[in-house]
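Structure, as structure tokens:
Counting convention: from 1, in listed order, for ligands and their atoms alike.
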Amino acid sequence: MAAQRDDASLFTGRVGLVTGAGSGLGRSVALALAAGGARLVLMDRDADGLADTATSCPGSITVAGDVSQGADMMRAAEALDGLGPVSLLVTAAGILGPTVPLPDVEEEAWDRLFAVNVKGTWLALKHVLPRMIAAGGGSVVTLASGAGLVGNATFPAYSASKGAVVLMTRSVAACHTAQGIRANCVCPGPIETPMLRETFASAGDGAAEREVFFRTRNPMGRFGTPDEVCAAVLFLLGDAASYINGVALPVDGGRLA
Ligand SMILES: NC(=O)c1ccc[n+]([C@@H]2O[C@H](COP(=O)([O-])OP(=O)(O)OC[C@H]3O[C@@H](n4cnc5c(N)ncnc54)[C@H](O)[C@@H]3O)[C@@H](O)[C@H]2O)c1
């Protein structure tokens, strides 16, 4: 953790938006950036979680809202205008959705999954990229998943939504590099957050078995920590990654090796 906080000092004075900042990976990134002096707008639909994060992010602005709603995302983007030129965006808000085979997914659940994971990422880009471009450029890191790089039998709908996030991110790099934007994607494997626990719980009586399966198929034989993902996000956001653009970086202990 200490090493990440030192790295985050590279972000002193920079302004950005972190979605999904009320829990897990988004919270970890928000805390690390704020500890290094970044001034942040923190967005999440969970107002209590957001407030908890904000207590350790001095000077941050919280926006309780739904990333899939354009009006909510516009509020978050307008809050950025009060902080100064925008150069950072991290999209960590996401949901797991139904963990059933594709024919069994309910239409409403599919729509909600794509509204949050795909439309929510797009809305953040839609409202933040113009501000970054006006500021002379910046860096974007989206949170996809290892399940966005290969098919997944446990949560295939989620896998499809994260595949869309990967190519949306690469397309930002393809479209906006000349305007000073770098965009990269972090693709975590199983990381110890509430979402991972939800993945196991969704197996009902098979929860313990699913946990063992996820753990043992990973070459490292363990789950990752939010700080291990945070380190990759900070690296890709920062100037040390100045020639890295359009990548989808697995942070998964070698699961996809
Ligand atoms: N934990 C893992 O194993 C793992 C693995 C791969 C990818 N990811 C991805 O990383 C990101 C962060 O996941 P996490 O593990 O921290 O999960 P988490 O559930 O701990 O945190 C997700 C956060 O997103 C927020 N959120 C969900 N829907 C929202 C909406 N519509 N509007 C605003 N906020 C919303 C939640 O309130 C929560 O605070 C997600 O995109 C997830 O898909 C996680």
Side-chain angles (χ1 to χ4, degrees), residues 17-32 41-54 62-76 89-99 109 111-124 141-150 152 154-155 157-166 168-169 185-202 210-211 214-215 217-218 220 222-230 232-233 248-253 255-256:
L17 171 65
V18 180
T19 73
S23 176
L25 305 182
R27 170 178 286 167
S28 182
V29 169
L31 295 180
V41 172
L42 308 174
M43 184 179 187
D44 204 290
R45 67 179 173 187
D46 173 2
D48 292 339
L50 203 51
D52 282 351
T53 304
T62 58
V63 175
D66 184 336
V67 294
S68 73
Q69 299 298 312
D72 288 358
M73 190 60 76
M74 198 180 299
R75 277 195 295 124
L89 172 63
V90 178
T91 60
I95 58 174
L96 177 63
T99 56
D111 286 346
R112 183 64 188 153
L113 179 66
F114 274 68
V116 176
N117 291 2
V118 184
K119 185 184 175 191
T121 303
W122 165 71
L123 280 172
V141 175
T142 60
L143 270 294
S145 170
L149 297 173
V150 297
N152 189 285
T154 306
F155 30 68
Y158 175 84
S159 181
S161 76
K162 291 300 188 174
V165 172
V166 169
M168 196 181 337
T169 310
C185 189
V186 168
C187 298
I191 310 298
E192 276 291 6
T193 71
M195 184 181 284
L196 186 65
R197 291 293 133 196
E198 183 189 346
T199 307
F200 303 145
S202 67
R210 180 173 285 177
E211 179 168 351
F214 271 66
R215 195 190 305 274
R217 73 175 175 172
N218 189 300
M220 287 197 180
R222 68 171 177 86
F223 303 132
T225 68
D227 284 347
E228 288 174 315
V229 177
C230 180
V233 173
L249 177 67
V251 180
D252 66 356
R255 162 77 181 96
L256 299 182

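- Each of the following atoms of ligand 1 lies closer than 4.0 Å to a heavy atom of Asp66: 30 (C), 31 (N), 32 (N).
- At a 4.0 Å cut-off, at least one heavy atom of Gly65 sits close enough to ligand 1 to count as contact.
- If you look at Phe223 next to ligand 1, there are no close heavy atoms at all, none under 4.0 Å.
- Considering backbone and side-chain N/O of Ile191, one or more are found under 3.5 Å from N/O of ligand 1.
- Residue contact check: Lys162 has heavy atoms under 4.0 Å from atoms 40 (C), 41 (O), 42 (C), 43 (O) of ligand 1.
- Not a single N or O atom of Ser68, backbone or side chain, sits closer than 3.5 Å to an N or O atom of ligand 1.
- Among all non-hydrogen protein atoms, the one lying nearest atom 13 (O) of ligand 1 is Met195 CE, 4.0 Å.
- Residue Asp44 holds the heavy atom nearest to atom 38 (C) of ligand 1 of all those in Thr19, Asp44, Val186.
- Nearest residue to atom 5 (C) of ligand 1 from Pro226, Ser145, Gly189, Pro250 is Gly189 (criterion: closest heavy atom).
- Note: no N/O pair closer than 3.5 Å links Ile95 and ligand 1 by distance alone.
- Near Arg112, with a cut-off below 4.0 Å to any heavy atom, the atoms of ligand 1 are 31 (N).
- The shortest N or O to N or O distance between Arg45 and ligand 1 is under 3.5 Å.
- Proximity to Gly24 (heavy-atom distance under 4.0 Å) selects the following atoms of ligand 1: 16 (O), 20 (O).
- Nearest to atom 32 (N) of ligand 1 among the protein's heavy atoms is Val67 N, 2.9 Å.
- Comparing heavy-atom distances from atom 1 (N) of ligand 1 across Leu123, Thr121, Thr193 singles out Thr193 as nearest.
- The distance criterion of under 3.5 Å between nitrogen or oxygen atoms is not met by Pro188 with respect to ligand 1.
- Contact annotation: Pro190 has at least one heavy atom less than 4.0 Å from an atom of ligand 1.
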